[in-house]
Asks: 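Questions regarding the structure given below will be posed in turn.
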Amino acid sequence: AQYHVPCQAASGMTESDISYMGDVPKQLHLRAWLDKMALTSVCSISGQRLIVAYTDNVVESISIFDVAPIKLNDADKSILEQGNVSCITASADQVFVGSPDGTLRLLNQSFKTVQSWKAHDSGALTTIRHIPHSSLLITLAEDLPNEPVLKVWALDRPDKKTGIPRCLCTVAVTNGRKPFPVSAFAVLRDLSQVAVGFANGAVTVVRGDFIHDRGTKQRTVLETDEPITGLEFREANVTTLFISTTSRISTLVISGKGQG
């Protein structure tokens, strides 16, 4: 598949104009500026290469990234067997892999398991989020028709007896007692609020002190007839939650002056 993105003249482009495209276009912008040329179009082929056109009829093909299969040692090969991975995420130096039986595995940069434990006693691990620039990890497990269970882990605070990271809090996320799977998830960078979207069109926001386990409050902020397909926070003077369904995108201000 190919898609076409028109570009402004290099001299008129700003950091915000090109940041959404990642580091490669920044390099192209610099190249075009040095050569006194302007980017006229960018075309992606199979998501792996950029075909870049400049003024003066200059066209380049630039590799975005290389694709290589992950090679695991014999002890870890079972991780990638069919049905063993239900979710995955990464931090700067680790990969976190969740399994349908509730097991969480931590892999290093060589994709070797450095730690694993039963993060949830029941249900499949379906969501993992690492809080950037911190040692905090969020997991969410589902065991329908029960409510999904969210946990917060401190990766830098191992339990003295077991050695596994300490669980800071456990929260059952409500959906009006309706047994529908989680379809979207978002969390603020300071871990003060979490949004959970469900396949029945409901969105629940959980706010409180997750780190010190001083209690949380939950509120259903949206109920629609369409499945929730995506959630994303925008943090500024007010916190806005973007909500997407199968046919529309909505915004909801959930914190700020005069907001609940």
Asks: Looking only at heavy atoms, which two atoms of I249 and S244 are closest? And how far apart?
Replies: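 Taking I249 first and S244 second, the nearest heavy atoms are CG1-CB, 4.0 Å.
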Asks: Tell me whether the count of non-hydrogen atoms from other residues, nucleotides or ligands lying under 6.0 Å of CG in L144 goes above 12.
Replies: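 Count over threshold, so yes.
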Asks: Can any side-chain N or O of T216 pair as donor or acceptor with the backbone N or O of G208 at less than 3.5 Å?
Replies: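 Answer holds: no.
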Asks: Do T127 side-chain atoms and L140 backbone N/O form a donor-acceptor pair below 3.5 Å?
Replies: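 Not a single qualifying donor-acceptor pair exists.
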Asks: Are the side chain of T89 and the backbone of R129 linked by a donor-acceptor contact shorter than 3.5 Å?
Replies: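 No.
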Asks: Using the rule that Ile, Leu, Val, Met, Phe, Trp and Tyr join whenever any side-chain heavy atoms are under 4.5 Å apart, tell me whether V221 and V196 fall into a single cluster.
Replies: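 No; V196 is not reachable from V221 via cluster members.
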Asks: Tell me whether E232 at atom CD has more than 12 heavy atoms from other residues, nucleotides or ligands lying less than 6.0 Å away.
Replies: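 Counting other residues, nucleotides and ligands, CD of E232 stays at 12 neighbours or fewer.
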Asks: For K118, does the NZ atom sit with more than 12 other heavy atoms under 6.0 Å from it, leaving out its own atoms?
Replies: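 Yes.
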Asks: Run the side-chain contact (heavy atoms from CB on, under 4.5 Å) test on Q218 and V171 for me, step by step, so that the C-alpha distance in whole Å, both residues' side-chain angles and the decisive distance to 0.1 Å come before the verdict.
Replies: CA-CA 10 Å; Q218 303 187 33; V171 179; 3.5 Å; yes
Asks: Please answer: with hydrophobic residues joined when any side-chain heavy atoms are less than 4.5 Å apart, are V206 and L168 in the same cluster?
Replies: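 V206 clusters together with L168.
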Asks: So, K151 side chain and A119 main chain: donor-acceptor pair closer than 3.5 Å or not?
Replies: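 Between the backbone of A119 and the side chain of K151 there is a qualifying donor-acceptor contact (under 3.5 Å).
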Asks: Is D93 atom CG crowded by more than 12 heavy atoms from other residues, nucleotides or ligands, each under 6.0 Å away?
Replies: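 Correct, the count exceeds 12.
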Asks: Kindly work out whether a path of hydrophobic side-chain contacts (I/L/V/M/F/W/Y, heavy atoms less than 4.5 Å apart) joins V173 to V152.
Replies: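 Yes, one cluster joins them.
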Asks: Which heavy atom of A154 sits nearest to which heavy atom of P165, and what is that distance?
Replies: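 Shortest heavy-atom contact: O-CB, 3.4 Å.
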Asks: I'd like to know if the side chain of S183 and the backbone of I228 have a donor-acceptor N/O pair within less than 3.5 Å.
Replies: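 Present.
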Asks: Same hydrophobic cluster for I211 and I131, using side-chain heavy-atom links shorter than 4.5 Å among ILVMFWY?
Replies: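 The answer is yes; both residues are in one hydrophobic cluster.
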Asks: Does one side chain, of S247 or E226, offer a donor that lies under 3.5 Å from an acceptor on the other?
Replies: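 There is such a pair between these side chains.
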Asks: Can you pull the ring pair (Phe, Tyr, Trp, His ring centres under 6.0 Å) pairs that have at least one residue in residues 124-181, sequence neighbours excluded?
Replies: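 For residues 124-181: F96-H130, W117-W153.
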Asks: Would you say L137 and L191 are hydrophobically clustered, going by side-chain heavy atoms of ILVMFWY under 4.5 Å?
Replies: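 L137 does not cluster with L191.
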Asks: Does E142 use its side chain to pair, donor to acceptor, with the backbone of V182 at less than 3.5 Å?
Replies: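 A pair under 3.5 Å: yes.
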Asks: Please say which of T139, D143, T170, T103 ends up in a side-chain hydrogen bond (donor to acceptor under 3.5 Å, both in side chains) with H120.
Replies: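 The residue from T139, D143, T170, T103 that satisfies side-chain hydrogen bond (donor to acceptor under 3.5 Å, both in side chains) with H120 turns out to be T139.
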